[in-house]
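For reference, the structure is listed below as structure tokens.
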There are 2 protein chains.
Amino acid sequence: MSVRQESQNGGLSTDLAYQSIRAQILSGELEAGAWLRESELATQLGVSRTPVREALGRLVADGLAKHEPNRGVRVEEWTPRDLDEIYDLRLLLESHGAAMAALNPSTDVAMLGRLASEMSSITEQRHPDFGRLTELNNNFHSGLLEYSGSERLVTVVASIVQVPLVRQTFARYTQAELRRSMDHHHEIVSAVEAGDAQWAEAVMRAHLRAGWSAMHRHLVASRAK
Amino acid sequence: MSVRQESQNGGLSTDLAYQSIRAQILSGELEAGAWLRESELATQLGVSRTPVREALGRLVADGLAKHEPNRGVRVEEWTPRDLDEIYDLRLLLESHGAAMAALNPSTDVAMLGRLASEMSSITEQRHPDFGRLTELNNNFHSGLLEYSGSERLVTVVASIVQVPLVRQTFARYTQAELRRSMDHHHEIVSAVEAGDAQWAEAVMRAHLRAGWSAMHRHLVASRAK
DNA sequence: TTGGCCCGTATTCCATACAATCGTCCCTGA
DNA sequence: TCAGGGACGATTGTATGGAATACGGGCCAA
């Protein structure tokens, strides 16, 4: 919830359309491969086709949808290979960002620590609120990236990462994995607080790789069935 | 000329507008901060405002222009800091890509070698064709990236890199720097041919860092004037 | 002289009408 | 029965008109 899904361009109706359609894609309400018909969405949202077209263009640029000339726009489909590519890039970019944040004296360590703690306490409850957990996790990761000092790093990662986040990764974790993931967050905070770039980078690598591993295990399981 | 500037969506007029406006920005014909008026561009290109609006939206998504609500779109401005960020990311991503290409057995080493050779021969001429050199250089870099096997890596780098390339970096090089840059290309080919990922990665790092250094020298010089 | 308000103008933003294009279905003929 | 072709329908792509909004200049008052 951190960046880039609030209005980046002006139109009121355009933004409404963009937010709404995007939400429907990410929630799974619109499944992969489904057609995004301009007039249908327009009437559904109570606006004309023009802002819908504009919103669809942005979604295509985001990589969430695919344009087929003279045919229309449909929700992008994702293969396991795509997810591998994404995690590979996250590994590279986010660990780099963590290192830079550790070197940045104005990084708000306290805020990151609070996020990590709140996430921990959520996981200790009987029925964890995975939605809230995902939201806090996004805040943690993108917040850390912002302290890397590189605006582009934030936007690039945001443009890559949006898809797999929706898959409710946390809900797939075992209890041990969940706990380890939370521990990673605290360790990252410690590393940043210590100003130790290599430590921060290494923990972030481990953190993401662990997430990738859990996701991968689930993928092969679901493919087998 | 490698990727992502050919039509990614359908419209004929839309594509014309996109290509044309984009070219005007990259050539410097439209300078930073200039307003991109819909009707003006529409009449200039002989189309209506609608495809122009769509093209502007894509340019904003590309990061080449900036949208100001209810005011219009203007050409994005670039600070030296932006260029630093971009080179930082290129360093990270392209060196990683080079390493992966070295590990990929189906990488077309011969093609890369031909590109490197042709670039070398251009630089040895009395009046090198820097435009052609830039084009071949783009082909070399994006070609190498494609052999990394990660589609996303290609598109991500393409989305970041477009701006500084236009600044005719090669024309700023000293003779020695130009020669070193060409040598780097050949060395990268050797490393990839040897299947040595670490070698390829290291040379690519050096190659980009050298380019950054030359650009930086020029920036401080032009700022002093 | 200067600060603030009001209105005119230019421009975007949204809606709607029209044109072009593609897929599908039916019909025909072998 | 099946292959090929042509017209219909649905949907995108383009053009244009009208509503909303923000800037700039001029007027008024202190």
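Just so you know, these numbers use all the heavy atoms, side chains as well, and skip hydrogens, waters and symmetry mates. Every value quoted in this text rests on a predicted model; they were computed, and no experiment measured them. Below, chains carry the letters A, B, ... as their sequence lines are ordered, and counting in each starts from 1.
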Please produce a list of atom pairs where a protein N or O lies less than 3.5 Å from an N or O of nucleotides 15-21 of chain D.
residue	atom	partner	partner atom	Å
D:dA15	OP2	B:S48	N	2.6
D:dA15	OP2	B:S48	OG	2.8
D:dA15	O5'	B:S48	OG	3.3
D:dA15	N7	B:T50	OG1	2.7
D:dT16	O4	B:T50	OG1	3.3
D:dG17	O6	B:R49	NH2	2.7

### Query
Is B:D88 paired with A:R152 through a side-chain N to carboxylate O contact shorter than 4.0 Å?
no

### Task
Indicate yes or no: does B:E76 engage B:K66 in a salt bridge with an N to O separation below 4.0 Å.
no

### Query
So A:H96 and B:H96, ring pair (Phe, Tyr, Trp, His ring centres under 6.0 Å) or not? Walk me through it.
CA-CA 13 Å; A:H96 181 64; B:H96 180 65; over 10 Å; no

### Query
Where the side chain of A:S13 meets the backbone of A:V47, is there a donor-acceptor pair that is under 3.5 Å apart?
no

### Task
Say whether, by atom type as modelled, one donor and one acceptor occur between the side chain of A:N138 and the main chain of A:E135 under 3.5 angstrom.
no

#### Entry: Any residue of residues 30-41 of chain A with a heavy atom less than 4.0 Å from an atom of DNA chain C
none

### Task
Report yes if a side-chain nitrogen or oxygen of B:H67 is closer than 4.0 Å to either non-bridging phosphate oxygen (OP1 or OP2) of C:dT11; otherwise report no.
no

When the distance from [atom1] of [X] to [atom2] of [N] is rounded to whole Å, what number comes out?
X: B:R53; N: C:dT12; atom1: CZ; atom2: P; answer: 8 Å
X: B:E54; N: D:dT14; atom1: CD; atom2: P; answer: 7 Å
X: A:L16; N: C:dC13; atom1: CG; atom2: C1'; answer: 14 Å
X: B:D15; N: D:dT12; atom1: CG; atom2: C1'; answer: 14 Å
X: A:R74; N: D:dT11; atom1: CZ; atom2: P; answer: 14 Å

### Query
Going by the side-chain hydrogen bond (donor to acceptor under 3.5 Å, both in side chains) test, which pairs reach into residues 33-45 of chain B, not counting sequence neighbours?
B:E38-B:R53

### Verdict with supporting geometry, A:R22 and A:R58, side-chain contact (heavy atoms from CB on, under 4.5 Å)
CA-CA 10 Å; A:R22 184 186 146 97; A:R58 282 171 65 185; over 6 Å; no

### Query
Stepwise, does the salt bridge (Lys or Arg N to Asp or Glu O under 4.0 Å) test hold for B:R132 with B:E118?
CA-CA 10 Å; B:R132 174 79 178 141; B:E118 191 174 349; 2.8 Å; yes

### Message
If you assign each of B:V73 and A:R71 to its closest nucleotide in DNA chain C, which residue comes earlier from the 5' end?
### Response
B:V73

